[in-house]
Amino acid sequence: MPATAKTTRTRKVRSEKPATGSYTGKDIDVLEGLEPVRLRPAMYIGGVDQRGLHHLLWEIVDNAVDEYLAGQTDRMQVTLHKDGASVTVEDHGRGIPVDTHPKVKKSTLEVILTTLHAGGKFSNKNYARSGGLHGVGASVVNALSSELVATVHRDGYEWMQRYKRGKPTTPVKKLKPFRGHGTKIFFRPDEAIFDRVHFKPEVIRQHLEDISYIHAGLKITFVDDAKGERIELANPDGLNAYLARLIEDGKKPPVHEQHFYAARDDGQHKIEVVLRWTEAIDEQIRSYVNGIRTHAGGTHESGFRTGIARAVRNYMEVHDIKPKGVTISNDDVREGIVGIVSTFHSDPMFQGQTKERLNNPEMSGVVESLVRPALETWLNNNPSIADAVIGRIVLAARAREASRNAQKEVRRKSPGSKRNNLPGKLVDCRSTDPGESELFVVEGDSAGGTAVNGRDSRTQAVLPLRGKILNTETLAVGKIMGNAEISALVETLGTGIGGHFDIRRLRYGRVILLMDADSDGYHISTLLLTFFFRHMNELIRQGKLYLAQPPLYKISAGKDTWYARDDVEKEEILASMGANRRPEVDRFKGLGEMNASQLKETTLNPATRTLLRVDIESLTEADTTFNQLLGKDPSERYRVIMEEASFADDLDL
Ligand code: 28G
């Protein structure tokens, strides 16, 4: 591993927050049961960041959805309370049983909320919803909540039990006669566990909307008490309505009338697909397993894609359609497609960094065997649609060949092609000389704003990224470029990607990733590094890619201020101070907490900052390690990269 001047320091990625408080008396059993959750929350919910926080809510929402899947209710309500840091989920299903469990002599309700269920939970057995991190159970939510109240309506009464940090503070009480049935869970995520405890209303609304499309008969009400808003989410047309919305959002006109829709339920596998060709130049396919989004695709999605390509090719062959002068690739066939595939089956297996890829080998064949004949029949029955689709595909093939030729042409004429197609959110620098200019790729708009204010506007450009970055590890170029964040990045750099990559067109001498030092930041960095490694390898080989080093701590004593990048540095600084000084130590929770001049001094200004250069050997090494790390926390992968990266603090950058 020939990384130069390797750092030997181990960066602590995140300080683990241990359980607080002491446990006594009769609650010992329960606490022993849930203690692992409070000690290692990330193992159960993926992290203690924003995503982990919302994960708690998805967990409870999933349980309510399970009552819908069991055919027991068709509506539920989610309320975000005024403080923004507590929620209530309510369903009108059977109500969690409150009778005493004969063996443990506790009510079923208490057992469910205080014992750790090893995976497969008490849900609809056929289509177990153990997707990714889903399905860890309500007890995990309880363990990580400073307060939880379960209210059950059943057997003619209202019942209630309260908990703190997973332990009951009351018995199950029979409150009053009540007609009707259902379950209501109020909880408040524990501030001692989570970085931030405020839910994002838009994230919740979006998630619930997705659910309403996948579960067509379910009516969801979302109440945002802070805004005084009440939103009804119901989509009886299911995937058809979902597709219509995706196409509307994509703003590209459809190529033909009507969606293609196909479904099959043979008792083992329930599959539903919908698709339509549009004028878009990418392919947008969303996939779900047991109602859970599989962001990284997998076998069901690849079966869908193969099925589409083969159906169209077969149709063309049968009808003897042979466009002159072009060969049609599968990418051409799928260009412009907006589609959704949703499958339900028992025993899904998930893989990948974030457990968001379906891995059951049989699923590609199962989905393809539905899509291929059904789509071919549909094309045969709708000749005018088929004509429009084929016309679109041939055009895609011709455009691809034309643009390939044009690109060759352009490259010959102007090696340093300039700033025509720059994305709107790029805040560019004034200098156009790559020899002196650099690009900061920053996570989020607010941190982006701070970076813009703290930069040298002559030589430093800022590209704020928001939203999800694709995991590009296994994706085709067409799909990658369909991701808005990645395509903005590629346009900003000017180089093109993959086979078209040309370092001479790089618009900046240094590309610097500037991310929060939290698990979200690590996750995004990892996805970006994966992208650069796979699709702009040369950029790394040429030593143009860097990681910024924002500080984690600010230490002040009197008029003096120090910044520390990690715990080791912090301790060094504290140790070096005289015993008579009383330093104040602040931990930055994110870039957004720093002001522009702090960010400038610590991270942006070449005179005072340090950068880590990403080198290809370390990434190649990390890539092998990736495989060993699969399924672990993404921050773990990032740590590997950071440790393997050469330390470039002596470089005058
Ligand atoms: C409001 C937020 C989240 C739920 C139910 C209903 C039942 C249940 C939940 O049973 C224990 C184990 C297997 C039967 C099932 C009630 C059968 C009969 C239920 C929810 C008992 C769990 N009566 N509703 N759990 N099973 N809603 N909403 O969590 O044998 S969880």
Side-chain angles (χ1 to χ4, degrees), residues 33 45 54-81 86-131 134-145 147-163 166 168 172 175 178-189 199 204 207-208 211-212 215 217-223 233 290-292 346:
I45 55 164
H54 288 85
H55 192 94
L56 297 187
L57 179 54
W58 310 156
E59 199 58 47
I60 299 298
V61 165
D62 276 359
N63 291 344
V65 172
D66 279 351
E67 273 300 275
Y68 162 76
L69 287 175
Q72 301 298 326
T73 180
D74 63 355
R75 64 200 166 93
M76 61 184 276
Q77 178 163 319
V78 176
T79 305
L80 176 60
H81 297 292
S86 61
V87 283
T88 297
V89 181
E90 186 170 9
D91 71 43
H92 302 277
R94 291 163 291 188
I96 303 179
V98 288
D99 53 322
T100 307
H101 201 287
K103 257 200 206 135
V104 289
K105 300 199 174 60
K106 281 180 195 162
S107 77
T108 307
L109 176 66
E110 182 171 332
V111 171
I112 284 175
L113 282 165
T114 57
T115 47
L116 210 44
H117 299 268
K121 58 178 192 183
F122 47 83
S123 66
N124 185 333
K125 277 215 179 65
N126 284 329
Y127 300 135
R129 292 151 57 77
S130 54
H134 289 253
V136 294
S139 62
V140 167
V141 178
N142 196 15
L144 301 177
S145 297
E147 191 186 353
L148 185 144
V149 183
T151 310
V152 170
H153 296 144
R154 67 178 278 149
D155 306 335
Y157 288 92
E158 177 169 287
W159 313 78
M160 184 192 276
Q161 186 170 32
R162 294 174 177 274
Y163 312 79
V172 178
L175 290 185
F178 195 95
R179 294 192 324 144
H181 42 87
T183 304
K184 184 156 85 175
I185 307 272
F186 163 91
F187 70 95
R188 176 188 304 286
F199 289 96
I204 298 176
H207 186 87
L208 297 177
I211 289 176
S212 75
H215 304 291
L218 181 60
K219 294 184 267 296
I220 307 174
T221 306
F222 174 42
V223 179
L233 299 158
N290 296 354
I292 294 158
S346 56

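Every number for a ligand or one of its atoms is a count from 1 in the order of the listing. This structure is a prediction, so every number in the text was calculated from the model and none was measured.
Near I60, meaning under 4.0 Å from one of its heavy atoms, ligand 1 places the atoms 2 (C), 3 (C). Distances below 4.0 Å separate heavy atoms of R154 from the following atoms of ligand 1: 16 (C), 23 (N). Listed by number with element, the atoms of ligand 1 under 4.0 angstrom from any heavy atom of I185 are 1 (C), 2 (C).
The salt bridge (charged side-chain N to carboxylate O under 4.0 Å, His left out) test applied to R94 returns E67, not counting sequence neighbours. With sequence neighbours excluded, the residues satisfying ring-ring contact (aromatic ring centres under 6.0 Å, His included) with Y68 are H215.
Between P97 and ligand 1 there is a heavy-atom distance shorter than 4.0 Å. Using a non-hydrogen distance threshold of 4.0 Å, G95 registers as a contact of ligand 1. Residue contact check for ligand 1: I112 places a non-hydrogen atom closer than 4.0 Å to it.
Considering every non-hydrogen atom in both S145 and F187, the closest pair reads OG-CD1, 3.5 Å. Across A150 and L113, no two heavy atoms sit closer than the pair CB-CD1, 3.7 Å. Nearest heavy-atom pair across D91 and A64 is OD2-CA, 3.6 Å.
Nearest-residue assignment for atom 20 (C) of ligand 1 (options L113, D62, T108, D91; heavy-atom criterion): D91.
Remark: H181 NE2 is loosely packed, at most 12 non-hydrogen atoms of other residues, nucleotides or ligands lying under 6.0 Å away.
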